[in-house]
Amino acid sequence: MSKDSPFDAAAPVLVPMPAERPYTYAVPSGMRVVPGSIVRVPLGPRQVAGIVWDGGADAVDARKLRPIEEVFDCPPIAGPMRRFVDWVAHYTLSAPGMVARMLLRAPEAFDPEPWTEGIVRTDALPDRMTAARARVLEAADGGLAWTRTGLAHAAGVSSTVIDGLKAQGVFETVMIPPRPVVAAPDPAYAQPQLAPDQQVAADMLRAGVAADGFGVTLLDGVTGSGKTEVYFEAVAEALEKGRQVLILLPEIALTHAFLERFQDRFGAKPGEWHSDLAPRMREKVWRQVAEGTVRVVAGARSALFLPFRELGLIVVDEEHDPAYKQEDRVFYNARDMAVVRGHLGGFPVVLSSATPSVESRVNATRGRYRHAVLSGRFAEAALPDLKAVDMRRAPPAKGSFLSPLLTEQIGATLEKGEQSLLFLNRRGYAPLTLCRVCGHRFGCPVCSAWLVEHRFRGQLVCHHCGHAEKRPEACPECGTFDHLAACGPGVERIAEEVVATFPEARTIVLSSDIVGGVRRLRLELEAIAKGDADIVIGTQLVAKGHNFPNMTLVGVVDADLGLANGDPRAAERTFQLLSQVTGRAGRTGKKSHGLLQTYQPDHPVMQAIVSGNAESFYAREIAERERAGLPPFGRLAGVIVSAATRAEAEGHARALRRAAPEAADIFVLGPAEAPLALVAGRHRFRLLVQGERRSDMQAFVRAMLANGPKQRGSVRVQVDIDPQSFL
DNA sequence: AGCACGCCGACT
DNA sequence: GTCGGCGTGCTC
């Protein structure tokens with residue numbers, strides 16, 4: 001830069017947009033920026049927040065070069081976090097700018113929170129004492145700063161009394177710093193009583209944190225074995241060392257109970273982070289994490305991109321949960337990225353689950369992860385007595401979906417004044433509607449999935465893309481009236497049957513399309529826990545960590561659902577889901593039961609669930625995957641192909657097969673694996689491609705992108721299988 | 001990702 | 001005659 005330029009230097013700045021590399025901006029003389037500084041820069045017609053990046057700035061045409069407008073008064077993004085952004089971008093084949101965008105999603109937080117004006121007592125005395133003045137002086141006795149209205153309220157006087165005292169110099173103005181969103185957690189607040197096996201695991205985790213280095217521990221133990229208390233000890237250790245902690249939860253909006261458990265242990269709530277957070281709170285949490293005021297965050301996957309300065313531990317609770325996958329924009333699995341974050345930050349990571357993912361199990365048995373197992377001997381008494389109901393031998397009556405045995409048990413439970421849970425992972429009334437006259441089936445005009453009937457709403461709804469239409473009375477194909485047949489059950493239809501059989505019972509349906517959203521859902525869950533329902537019929541959202549103390553029967557309406565969809569993880573997913581659901585019963589000390597309606601009672605998943613022998617299931621699943629070269633052994637890389645039509649997407653898939661030397665190992669999965677990708681009329685298929693190395697796979701996809709500029713943006717790599725192959 | 005520019009259908 | 005659909009291209 002020439003001597004008389006108004007700018008001293010140029011800096012690389014990562015802007016929140018799909019740029020492959022940082023843009024170069026001029027640094028006005030007198031402005032100081034360092035890597036990590038958050039700056040305001042002009043970008044096209046608008047102003048955006050960007051992050052000053054590492055390395056030198058590109059040489060850019062001086063006419064294009066524009067100046068940084070402002071450096072925000074905000075702690076710079078720390079080095080490990082910047083390397084994390086680069087790493088995630090490289091690994092997911094996303095633009096670094098798009099990863100940076102995830103970090104900058106609290107735009108108001110870059111300016112410091114304002115200090116508020118307060119008043120504090122001086123040595124001066126008022127000229128005359130009155131009753132009101134006396135009350136004020138008494139209330140303000142501690143020498144602490146008050147807000148004007150706050151003190152008036154506390155003393156029970158009008159604020160003019162305060163103004164009068166202030167005018168006489170009895171109070172003086174001071175500035176009060178912003179209040180922390182949560183109090184500081186105290187690692188010694190409530191020392192837990194740990195069972196011997198918990199103590200062993202807790203010591204192991206504590207030692208990992210104390211040793212101050214990267215390492216992953218899989219914390220593995222059945223429902224009720226006390227995993228949370230155990231990893232809280234690791235949290236305590238990290239806090240004692242002055243480090244920040246991140247606890248990832250799959251769906252924090254519904255895990256209110258978790259925050260309370262945390263408070264019981266540490267005397268304060270953790271900072272919360274999820275998409276439902278009010279914008280004002282969002283800013284505060286972001287800012288206070290950056291400043292180090294918030295020491296512990298409990299959050300959804302996006303919390304991984306909070307600007308921690310002194311992160312010293314990540315716990316991933318329910319590490320197997322598919323909610324950790326983000327499947328839009330930047331595709332990542334937060335569990336895997338947490339492991340990477342720990343590696344880059346040089347601190348330990350704890351993965352916790354009663355039903356670990358197969359890949360984490362394999363990493364543990366191979367010694368890449370430490371394995372802390374809770375035997376759960378103390379929880380065993382509470383486990384429900386589980387049985388498979390062979391639907392071939394004991395079929396339900398025609399037109400119904402509950403077997404006589406299950407119906408009988410519901411009745412018995414009802415009589416005892418206890419609660420039943422019927423689980424069916426399918427929203428709506430019926431998954432398919434057809435015309436009995438011409439055989440016409442109602443499909444989605446946008447994405448070709450079947451339309452699901454929602455009878456309460458009188459609609460046919462596509463569960464992939466959200467398309468909805470009114471349920472017609474006549475067949476659109478042959479015009480016949482009143483001959484449309486609902487095929488198969490959804491939760492609404494099960495509710496219909498239950499209400500017909502047990503009209504006196506209080507029945508409630510819980511699914512994600514409940515009117516009133518998350519708030520209503522939370523209220524309903526609390527009501528159920530209090531005993532305000534006899535029979536609960538729900539989709540998978542009832543499986544997630546909610547305790548229903550009077551729930552003594554769990555009936556799985558269709559235990560086979562999810563086993564037959566061609567997903568290599570179908571068995572594993574079903575095992576995990578059924579374990580969680582059946583675990584909802586038996587938290588009571590009372591005798592409790594679980595019934596699984598199945599046409600495949602000999603299936604390994606059913607056997608494992610019924611016998612409680614998870615070990616045999618894992619062993620079998622691992623052996624089978626090893627033989628088939630499936631994850632986590634094949635080092636599979638995934639590709640999502642998207643196109644406007646199904647035929648076009650399949651064409652892309654064929655082209656990929658032709659172009660890939662590993663063609664024999666490419667296989668196409670239906671949209672079931674990535675339902676969220678089926679949006680806006682774009683068909684997306686995930687291809688799993690088995691290559692020698694991930695880098696080969698990436699090179700292959702890059703070549704595909706280079707060959708067909710029309711395909712840019714329609715072919716992406718998603719690698720989410722083997723979280724340690726990259727370290 | 002935004003946002004502008006730009007070219008073809010139904011309407012105040 | 002305009003309003004408005006989303007295809008293409010650009011941002012230091």
Side-chain angles (χ1 to χ4, degrees), chain A residues 1-2 5-29 31-72 77 82 85-86 88-90 92-110 275 279 282 302 305 326-332 445-447 465 467 640 642-645 648-649 676-677 679-684 705-706 708-718:
Chain A
M1 205 138 305
S2 74
S5 158
F7 306 122
D8 287 342
V13 176
L14 207 47
V15 287
M17 136 194 130
E20 282 304 321
R21 34 193 299 99
Y23 281 177
T24 303
Y25 284 86
V27 183
S29 18
M31 179 183 280
R32 230 185 91 68
V33 295
V34 296
S37 295
I38 300 182
V39 292
R40 185 162 56 84
V41 291
L43 182 67
R46 61 214 161 101
Q47 300 268 314
V48 296
I51 309 170
V52 175
W53 218 239
D54 306 78
D58 287 355
V60 167
D61 183 349
R63 290 197 309 265
K64 271 183 141 184
L65 203 63
R66 297 167 78 183
I68 294 174
E69 299 274 347
E70 179 191 1
V71 185
F72 287 104
I77 302 299
R82 299 199 303 277
V85 170
D86 279 334
V88 171
H90 181 253
T92 61
L93 289 191
S94 340
M98 289 308 284
V99 183
R101 188 173 175 269
M102 300 196 288
L103 224 129
L104 296 169
R105 263 192 296 202
E108 305 302 314
F110 308 145
S275 56
R282 209 178 168 74
S302 58
F305 295 94
Q326 169 143 67
E327 301 199 278
D328 64 326
R329 298 187 179 102
V330 178
F331 292 62
Y332 68 92
V446 189
C447 66
C465 69
H467 165 87
I640 285 180
S642 72
T645 67
E648 202 185 322
L676 293 176
V679 293
R682 306 234 153 227
H683 288 268
R684 288 186 163 175
L705 294 173
K710 285 281 171 205
Q711 287 184 25
R712 186 157 252 295
S714 69
V715 182
R716 339 184 39 136
V717 163
Q718 177 180 5

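Just so we're on the same page: letters track the sequence lines, and every chain starts at 1. Atom set for the values below is all heavy atoms of this structure, side chains included, hydrogens, waters and symmetry mates excluded.
Checked against salt bridge (charged side-chain N to carboxylate O under 4.0 Å, His left out), A:D86 has no partners two or more places apart in sequence or in another chain. The salt bridge (charged side-chain N to carboxylate O under 4.0 Å, His left out) search around A:R46 returns none, not counting sequence neighbours. When the side chain to side chain donor-acceptor pair (under 3.5 Å) test is applied to A:S302, the partners found at least two apart in sequence or on another chain are A:W273. Evaluation of the salt bridge (charged side-chain N to carboxylate O under 4.0 Å, His left out) rule for A:E70 yields A:R40 as partners, not counting sequence neighbours. Evaluation of the side-chain contact (heavy atoms from CB on, under 4.5 Å) rule for A:A109 yields A:A106, A:E283, A:W286, A:R287 as partners, not counting sequence neighbours. A:P35 meets the side-chain contact (heavy atoms from CB on, under 4.5 Å) test with A:D54, A:R82; sequence neighbours excluded. Scanning for side chain to side chain donor-acceptor pair (under 3.5 Å) contacts around A:R282 gives an empty result, with sequence neighbours left out. The ring pair (Phe, Tyr, Trp, His ring centres under 6.0 Å) search around A:F305 returns A:F84, A:Y332, not counting sequence neighbours.
Screening residues 9-19 of chain A for side-chain hydrogen bond (donor to acceptor under 3.5 Å, both in side chains), with sequence neighbours left out, gives no hits.
Nucleotides of DNA chain B that come within less than 4.0 Å of any heavy atom of chain A span, from the 5' end to the 3' end, B:dA1 to B:dC3.
Separating the CZ atom of A:R66 from the P atom of C:dT11 is a distance of 10 Å, rounded to the nearest angstrom. Atom OH in A:Y23 sits roughly 7 Å away from atom P in C:dT11 (whole-Å rounding). Distance A:R21 CZ to C:dC12 C1': 11 Å, rounded to the nearest Å. In this structure, the CZ atom of A:R63 is 12 Å from the P atom of C:dT11, given to the nearest Å. One can place CG of A:L65 at 14 Å from C1' of C:dT11, the figure rounded to the nearest angstrom.
At a non-hydrogen distance threshold of 4.0 Å, A:P45, A:R46 from residues 43-54 of chain A come into contact with DNA chain B.
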Distances for protein N/O vs nucleotides 4-7 of chain C N/O pairs under 3.5 angstrom?
none

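Contacts of A:P42 with the nucleic acid, taken as non-hydrogen atoms under 4.0 Å apart, involve only primed sugar atoms and P, OP1 or OP2.
Between the side chain of A:T24 and the backbone N or O of A:D58, at least one donor-acceptor pair lies under 3.5 Å.
Using a 4.5 Å heavy-atom threshold, the side chains of A:W53 and A:I77 count as separate.
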